Every structure is written in C-alpha cells, then in structure tokens.
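All values derive from a computational prediction rather than experimental measurement.
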There are 2 protein chains.
Amino acid sequence: MEVNDITIIDGEKVERLKATLPNDDFIINIAELFKVFGDSTRMKILSVLLEDELCVCDIANIINATQSAVSHQLRILKQAKLVKYRKVGKVVYYSLDDEHVKEIYRKGRDHIEEL
Amino acid sequence: MEVNDITIIDGEKVERLKATLPNDDFIINIAELFKVFGDSTRMKILSVLLEDELCVCDIANIINATQSAVSHQLRILKQAKLVKYRKVGKVVYYSLDDEHVKEIYRKGRDHIEEL
DNA sequence: TCCTTATATGAATAATTGTTCATATATTTT
DNA sequence: AAAATATATGAACAATTATTCATATAAGGA
C-alpha cells in the first residue's frame with residue numbers, strides 16, 4: 001500500500017484488481033483519444049466530416065469558425081488518426097480516417113440521448 | 001457567410017451541410033461527455049469499475065491515487081451519469097451506471113489498438 | 001460521549017489547452 | 001513575376017481543470 005493503508009475489501013482482491021488495471025501507456029493513450037473528442041470545435045468538425053469530405057475553408061464556413069482555429073484542430077484530429085487528408089493543388093480535403101470515429105460518436109450520442 | 005467569405009464547394013452545399021450540423025446543445029453535451037473520458041485518473045477509475053463495484057478507498061488504493069482526488073473525479077463521473085453509487089453505512093460503493101461506458105471504452109480501445 | 005473512519009468539498013496552485021493574430025509556405029492566376 | 005488564395009504554424013493570452021491540502025460531515029466503535 002502506498003497512498004492509503006485502508007481497505008474495505010481484502011488485500012488479495014485489491015492485488016487481483018491492481019493486476020487487471022491496464023498499463024499506464026494504454027491509460028494515457030485512451031484518455032488522450034477521448035480528450036480529442038472532448039472539444040466542441042473538434043466535435044463540429046467531426047460532425048460535418050461524417051457527412052462529407054471537405055476542405056479547410058469550407059469546414060470553417062460551415063461550423064462558423066476561423067480558418068486558423070479549424071486548421072489547428074485538424075492537426076490534432078490528424079495526430080489522433082481520426083481524420084486523413086488529400087491535397088489537390090492548394091486545397092486540402094479532409095475526411096474521416098476510419099469507422100471508429102463513427103462508432104465512438106454514435107455511442108456518445110446514445111448515452112446523452114438516453115437521458 | 002459570417003467568418004469567411006470563401007468557399008470551394010458551392011454555397012448551396014454549404015447551406016445543406018450547415019443544416020445537418022447538430023445544434024449547439026448537442027455538440028456541447030457530447031463534447032462534455034467525451035471530456036469526462038479524457039483524463040487518466042477517470043479512465044483508471046472506469047477501468048476498475050469495469051471489473052467490480054468498489055468503494056472509494058479501495059479505488060484509491062488500486063489505482064494509487066489519494067482519496068480526495070478519487071472522490072473529486074467520482075463526482076464528475078456521477079454528474080455525467082457514468083457511475084452510480086450505493087451507501088452502506090459510511091462506505092459508498094460505486095459502479096458503472098450503464099452499458100454505454102463499456103461500449104465507449106471498447107470502441108476507444110479498438111481505435112488505439114488498431115494502430 | 002469521544003475517537004476513529006469513510007467520504008465529500010472548498011480554496012489555492014500548477015498545468016494544460018483553445019483561440020487569436022501575425023506570418024510563413026505553397027500553389028494558382030493574372 | 002507579382003498578386004491572390006488556401007493552409008499551416010508559432011507565440012501570447014485567457015480559460016479550464018486536476019491535484020493537493022485542510023477541513024467538514026456523517027457513521028461506527030470504544
């Protein structure tokens with residue numbers, strides 16, 4: 001015991017549960033992933049990309065944000081492998097990278113709509 | 001057009017996509033929900049609660065955090081309706097509130113494990 | 001009744017982060 | 001070649017937030 005020296009359940013069970021805890025890397029990575037979903041601007045971007053592949057300036061227009069803010073947030077979405085892009089001349093088209101985005105979005109929606 | 005007056009796609013399509021955007025309340029709520037998942041301490045708490053119903057001090061022991069930190073985070077999880085609790089004397093047992101937690105957790109795991 | 005235990009909570013602090021503004025880069029148009 | 005356009009990015013600032021510490025509350029045991 002390091003932080004607290006009290007337990008309600010027996011020490012054996014505590015040890016067993018400690019063993020089931022995912023390692024720190026996993027915890028940090030999954031928290032980082034959800035953090036990316038945890039911002040209104042990024043959720044708006046993901047929402048429109050659920051509908052269509054779009055360039056930066058159109059995304060900015062549709063969600064009523066500045067080009068700079070959208071570009072910054074797209075970088076974060078890109079790093080999390082939630083969106084991918086395709087360059088056509090000076091225009092960069094962004095789209096969802098995989099099905100997980102849709103699935104996570106839907107599960108989140110289900111939870112808040114259940115009430 | 002309010003923020004930018006440039007578009008790549010035609011204005012009609014921009015308007016159509018603006019119409020598909022969820023309203024602000026929804027966006028704020030879903031972002032708030034994922035924000036709750038977006039913290040290591042809370043993810044650790046959810047991880048152990050996926051295994052078992054547990055009291056505050058045992059959670060603190062298992063994830064190696066202070067009682068105070070765990071209690072603060074449990075309040076946030078409670079507000080998001082991700083965990084529920086049951087009082088037995090002075091001991092408070094927390095458990096997952098619904099299936100959505102498991103499902104969201106699994107989808108997040110799938111994404112980071114896909115690489 | 002007094003002491004201990006389990007949990008909750010307010011305030012302060014430190015760290016993280018989203019936006020803005022200015023500007024850089026790259027591509028197209030004139 | 002110069003101007004305009006689409007996007008990216010660094011720095012600064014403001015806002016949010018997680019933890020710690022002290023303490024409050026409430027229940028149980030001596």
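- Ion pairing between B:K35 and B:E32 holds under the 4.0 Å rule for side-chain N and carboxylate O.
- Backbone-only contact: B:Y94 has heavy atoms under 4.0 Å from sugar-phosphate atoms and none from a base.
- Rounded to whole angstrom, the span from the CZ atom of B:R75 across to the P atom of D:dT19 amounts to 12 Å.
- At a cut-off of 3.5 angstrom, the base of D:dA6 holds no donor-acceptor pair with the side chain of A:Q67.
- For the pair A:Y93 OH and D:dT7 P, the interatomic distance rounds to 8 Å; values are reported in whole Å.
- Side-chain contact between A:V56 and A:V91 is absent, with no heavy-atom pair separated by less than 4.5 Å.
- Between the OH atom of A:Y85 and the C1' atom of D:dA6 there is a distance of 15 Å, given to the nearest Å.
- Counting all heavy atoms, side chain and backbone alike, A:D98 lies closest to A:K81 at OD2-O, 4.1 Å.
- Within a heavy-atom distance below 4.0 Å of DNA chain D, the residues of residues 30-43 of chain B found are B:K35, B:D39, B:T41, B:R42.
- Using a 4.0 Å cut-off between a side-chain N of Lys or Arg and a carboxylate O of Asp or Glu, A:D52 and B:K13 qualify as a salt bridge.
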Going 5' to 3' through nucleotides 24-30 of chain C, assign each nucleotide B (protein heavy atom under 4.0 Å from a base atom), S (under 4.0 Å only from sugar-phosphate atoms) or - (no protein heavy atom that close).
---BS--
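- At a threshold of 4.0 angstrom between heavy atoms, the contacts of A:I76 are confined to the sugar-phosphate backbone, with no base atom among them.
- Looking at A:H72, its side chain comes within 3.5 Å of the base of C:dT20 through a donor and an acceptor atom.
- We find that CD1 of A:I45 is positioned 11 Å from P of D:dA8, with the value rounded to whole Å.
- When the nucleotides D:dT20, C:dG18, C:dA8 are ranked by their closest atom to the side chain of B:A69, D:dT20 comes out on top.
- Salt-bridge check for B:R86 with B:E53: passed, with a basic side-chain N closer than 4.0 Å to an acidic carboxylate O.
- A salt bridge does not link A:D39 with A:K44: every distance from a Lys NZ or Arg NE/NH1/NH2 to an Asp or Glu carboxylate oxygen is 4.0 Å or more.
- The interatomic distance linking A:N61 (CG) with D:dA6 (P) rounds to 10 Å, in whole Å.
- Atoms CZ (A:R86) and P (D:dT7) sit 12 Å apart, rounded to a whole Å.
- The base of D:dC21 sits with one of its N or O atoms less than 3.5 Å from a complementary donor or acceptor on the side chain of B:S68.
- Note: A:Y85 and A:Y94 have tilted aromatic rings, judged against thresholds of 30 and 60 degrees for the angle between ring planes.
- Atom P of nucleotide D:dT17 and atom CG of B:L77 are separated by 14 Å, given to the nearest angstrom.
- In this structure, the CD atom of A:Q73 is 13 Å from the P atom of D:dA8, given to the nearest Å.
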